[in-house]
Amino acid sequence: MSTRPPLEDHPIPARTKLAAAWTSFMFLYAYVDILNFFTPGVIEDLLDGKVFEFTLSQTFSTTALTLVSIPILMIVLSTTLPARANRTTNLIVASLYIPVTAFNAVGESWLFFYGLGIALELALLALILRSAWTWPHTAPPASTTSPDHQTVRARADAQSGLDVC
């Protein structure tokens, strides 16, 4: 029996983890809404101009578009913002989306369906928070922790008794 060498397992960069998690979050966010159309009474309510307890209006649609646009934009922002701004933005936005996500369960009759969707979305938000919180730090450059060449040379010359100009 031959043994295979272990599979190569490179660490995934924080930006890639965050963009992938936001992409997965958006797929769930969209598919839960799409699959909701198959819930009895939803289409009828939409045709009557109602979503949950809200009347369909330009304000409602603009608010809904904003709520969906933010996580969509987080996919791009997670790959383009500088590290410090990226980490902070991900921590803030993911934290704000926890109550937004939990709110989706209010008043729903299909709790298994919504419960699973919400649990998966919350798990992804937790992954985003963890990935942003544990963003790797870089080691300080060697030049800040050790003296430069001229300083070392000056010390050596001083110790040997030579004049340093």
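- In this structure, CG in Leu73 is found 11.5 Å from OG1 in Thr89, a value given to the nearest 0.5 Å.
- With rounding to the nearest 0.5 Å, the separation of CG in Asn86 from CG in Leu91 is 9.5 Å.
- Pairing each heavy atom of Leu18 with each of Ala132, the nearest pair is CD2-N, 4.1 Å.
- Across every non-hydrogen atom of Val68 and Pro71, the tightest pair is O-CD, 3.3 Å.
- The hydrophobic clustering, which links ILVMFWY residues whose side-chain heavy atoms are closer than 4.5 Å, places Val93 and Leu28 together.
- Considering only residues two or more places apart in sequence or on other chains, Ser57 meets the side chain to side chain contact (heavy atoms under 4.5 Å, CB included) condition with Thr59, Phe60.
- Remark: side-chain polar atoms of Tyr97 are paired, donor with acceptor, to backbone N or O of Leu67 under 3.5 angstrom.
- Residue Ile98 is grouped with residue Trp22 when hydrophobic side chains (ILVMFWY) are merged at heavy-atom distances under 4.5 angstrom, including chains of intermediate members.
- Proximity of a side-chain donor or acceptor of Thr79 to a complementary backbone N or O of Val76 within less than 3.5 Å is detected.
- Crowding of Gln58 atom CD: a count of heavy atoms from other residues, nucleotides or ligands under 6.0 Å not exceeding 12.
- Between the side chain of Arg87 and the backbone N or O of Trp133 there is at least one donor-acceptor pair closer than 3.5 Å.
- One hydrophobic cluster, built from ILVMFWY side chains closer than 4.5 Å, holds both Leu35 and Val32.
- Across all non-hydrogen atoms, the minimal contact from Lys17 to Ser131 is CD-OG, 3.7 Å.
- At a threshold of 4.5 Å between side-chain heavy atoms, the hydrophobic network of Ile, Leu, Val, Met, Phe, Trp and Tyr places Val51 and Phe37 in one connected group.
- When hydrophobic residues (I, L, V, M, F, W, Y) are linked wherever their side-chain heavy atoms come within less than 4.5 Å, the members clustered with Tyr31 are Phe27.
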Distance-only donor-acceptor hits, side chain of residues 110-127, under 3.5 Å, sequence neighbours excluded:
unit_1 : atom_1 : unit_2 : atom_2 : d
Tyr114 : OH     : Asn36  : OD1    : 2.6
Tyr114 : OH     : Asn36  : ND2    : 3.3

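- Contact annotation: the side chain of Phe38 never approaches that of Ile43 to less than 4.5 Å [non-hydrogen atoms, C-beta and beyond].
- Put simply, Val100 and Met26 are part of the same group of oily side chains (I, L, V, M, F, W, Y) that touch within less than 4.5 Å, one to the next.
- For Leu46, the CG atom sits in a packed shell: over 12 heavy atoms of surrounding residues, nucleotides or ligands are nearer than 6.0 Å.
- At distances below 3.5 Å, not a single donor-acceptor pair connects side-chain atoms of Arg15 with backbone N or O atoms of Leu77.
- No side-chain donor-acceptor contact under 3.5 Å links Asn90 and Trp135.
- Ser78 places a side-chain N or O within donor-acceptor distance of the main-chain N or O of Met74, the cut-off being under 3.5 Å.
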